[in-house]
Protein chains: 2
Amino acid sequence: MHGEILPGHALTLRGIGSEFGVSMTPAREAVRRLVAEGALTLSSSGRVATPELTNDRIEELAALRALIEVELSSRALPRAHMALIDRLQAINNSVAERVAQKDAVGYIRANLDFHRALYLRAQAPAMLAMAETVWLQMGPTMRQLYGKLRRSEPPHYHRLIIAALKAGDEPGLRLAVRSDVTNGLRLLAS
Amino acid sequence: MHGEILPGHALTLRGIGSEFGVSMTPAREAVRRLVAEGALTLSSSGRVATPELTNDRIEELAALRALIEVELSSRALPRAHMALIDRLQAINNSVAERVAQKDAVGYIRANLDFHRALYLRAQAPAMLAMAETVWLQMGPTMRQLYGKLRRSEPPHYHRLIIAALKAGDEPGLRLAVRSDVTNGLRLLAS
DNA sequence: ATTCAAAGAATGTGATCACAAAAAAGCCGG
DNA sequence: CCGGCTTTTTTGTGATCACATTCTTTGAAT
């Protein structure tokens, strides 16, 4: 999910097992779960690797993020108190820090923390699980792309999200979330 | 997915294995995958059972269906030719047949076939997979609820969907799909 | 130097086993 | 007849193994 593994990287059951000090059996179960969630791909011969997403697939996943996360933010809005906004502010500072340090994995992790903190307020566990499944599928690709972007500025739309939350502005919040989710990915698919 | 197993039904690895003539290992992997997709729940002691959904969870899943399937139908619309509409018509007849026979499992299967046939035209495999994951989570509960409803009339909104497809009416299609997806579940959560 | 085939190594699969935890059954006293 | 305790059975977990398949490397011939 955090892009620690690049797209197309192959994994072996015995390798995972020895990496975590267990036998093949638990490694197999973990891999099977991640394959079911789309975080790993299973070749016809049973080999396992991180997915290499096509542009079409990236566009699809971005559209899914927009659909689900806009809804989640909309449901979180009426429950968002000052404590949450402060927390989002703090996480956003952490995001900016990672950007300044050019720490791609840390940036992705902090960015997702920002979104998760907001969506948790929606009290919609099934929707949040869906969103995280999408994140999981995009993890390796996001890392690769943010590595290419070499962005130096902190995310612009996060401040718009916070502002809309403060103002209780639902249309503005929906637009800001949709923009934040799609803009980062739209330009890399081209 | 088709509601052949009622909510809360417990399953054992050895039972599944012997049912399909395999050992525990493949049964475990299949169960783990289904747990990852939310089709089965895993108790703290490792016991596995079909999920018993709360009303909140049902509402959430219905909202997810509305979000994803409306988008899928919208993407399928420009690619929908006459052959597809004929096929949908035929499947819908099959749905009506199952309703008349009070065959709950057959009804659910035919109903999902109807939706899948439409969404396949969207050329959006990740979105379709998400929709099917939601179907999987609702399977047992849908069966229980349609058993209670004892409906005798074929689905009304399916004809609206077909009509909107013929007319190339996107707003009408989106509304029809949303209604078909939510109305069936909205009344049972109350 | 390149290509193709054969030998070798590595990998996933399904099965089986021992063990600990949990559920179920049995038993006894009230 | 019922509740609480003990015993028995059931169940999931992790490990190991044999085997077939696949991938990789090696070697030789052109």
Side-chain angles (χ1 to χ4, degrees), chain A residues 1-54 57 125-126 129 132-133 135-141 143-144, chain B residues 1-54 57 125-126 128-130 132-133 135-141 143-144:
Chain A
M1 183 185 287
H2 300 142
E4 292 167 29
I5 311 179
L6 288 177
H9 189 261
L11 299 170
T12 65
L13 298 183
R14 288 175 175 87
I16 296 169
S18 68
E19 182 178 347
F20 293 93
V22 296
S23 76
M24 292 173 55
T25 313
R28 246 202 294 189
E29 293 187 7
V31 162
R32 283 307 229 260
R33 170 179 168 184
L34 290 168
V35 168
E37 294 184 272
L40 296 173
T41 59
L42 196 62
S43 82
S44 59
S45 66
R47 250 77 174 191
V48 150
T50 47
E52 299 183 277
L53 304 182
T54 63
R57 182 59 69 107
E132 295 204 314
T133 296
W135 297 349
L136 210 49
Q137 295 183 35
M138 303 202 323
T141 300
R143 154 75 176 285
Q144 195 179 42
Chain B
M1 184 185 288
H2 300 141
E4 292 167 28
I5 311 180
L6 288 176
H9 189 263
L11 298 170
T12 65
L13 298 183
R14 288 176 176 85
I16 296 169
S18 69
E19 181 178 347
F20 292 94
V22 295
S23 77
M24 291 173 58
T25 311
R28 246 202 295 190
E29 293 187 8
V31 161
R32 284 307 231 261
R33 171 179 168 184
L34 291 169
V35 168
E37 295 184 273
L40 295 173
T41 61
L42 196 62
S43 84
S44 59
S45 66
R47 250 77 174 190
V48 150
T50 47
E52 300 183 276
L53 304 182
T54 64
R57 183 58 69 106
L128 181 55
M130 284 282 168
E132 294 202 315
T133 296
W135 297 350
L136 210 48
Q137 296 184 35
M138 302 201 325
T141 301
R143 154 74 177 286
Q144 195 180 42

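Since the structure is predicted, the reported quantities are computational estimates derived from the model, not experimental observations. Quick note on labels: first sequence line is chain A, next is B, and so on, each numbered from 1.
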**Message:** Students often get this wrong, so: under 4.0 angstrom with heavy atoms, is B/Leu11 touching a base, only sugar-phosphate, or nothing?
**Reply:** sugar-phosphate

**Request:** Would you kindly give the CG-to-P distance between B/Leu42 and C/dA21, to the nearest whole Å?
**Result:** 17 Å

**Message:** I need the CZ-C1' distance between B/Phe20 and C/dG14, as an integer number of Å.
**Reply:** 16 Å

**Request:** Could you grab the distance from atom CE of A/Met138 to atom OG1 of A/Thr133, nearest 0.5 Å is fine?
**Result:** 12.0 Å

**Asked** Whole Å only: how far is the CE atom of A/Met24 from the C1' atom of D/dG14?
**Response** 12 Å

**Request:** Let me know the distance between CG of A/Leu13 and P of D/dA15, rounded to the nearest Å.
**Result:** 13 Å

**Message:** Need one value for B/Thr25: base, sugar-phosphate or nothing, where a base atom within 4.0 Å counts as base even if backbone is also close, heavy atoms only.
**Reply:** base

**Prompt:** On DNA chain D, nearest-nucleotide positions of A/Val22 versus B/Ser45: which is more 5'?
**Reply:** B/Ser45

**Message:** With hydrogens left out and only the distance checked, is there a donor-acceptor pair under 3.5 Å joining A/Arg14's side chain and the base of C/dG12?
**Reply:** yes

**Request:** Would you kindly check whether a donor in the side chain of B/Arg28 faces an acceptor in the base of D/dG14, or vice versa, at under 3.5 angstrom?
**Result:** yes

**Fill in**
Between CD of A/Glu29 and C1' of C/dG14 the distance, given in whole Å, is 14 Å

**Request:** Nearest 0.5 Å please: distance from the CZ atom of B/Arg32 over to the CG atom of A/Leu34.
**Result:** 12.0 Å

**Complete:** Heavy-atom closest pair (B/Gln137 atom, B/Gly38 atom, distance to 0.1 Å) is CG-O, 3.4 Å

**Message:** As an exercise, state the distance from CZ of B/Arg14 to CE of B/Met24, rounded to the nearest 0.5 Å.
**Reply:** 4.0 Å

**Asked** At under 4.0 Å between heavy atoms, what does B/Val48 touch on the DNA or RNA strands: base, sugar-phosphate, or nothing?
**Response** nothing

**Message:** Closest-nucleotide mapping onto DNA chain D: is A/Pro26 or A/Arg47 further toward the 5' terminus? I mean the 5' end.
**Reply:** A/Pro26

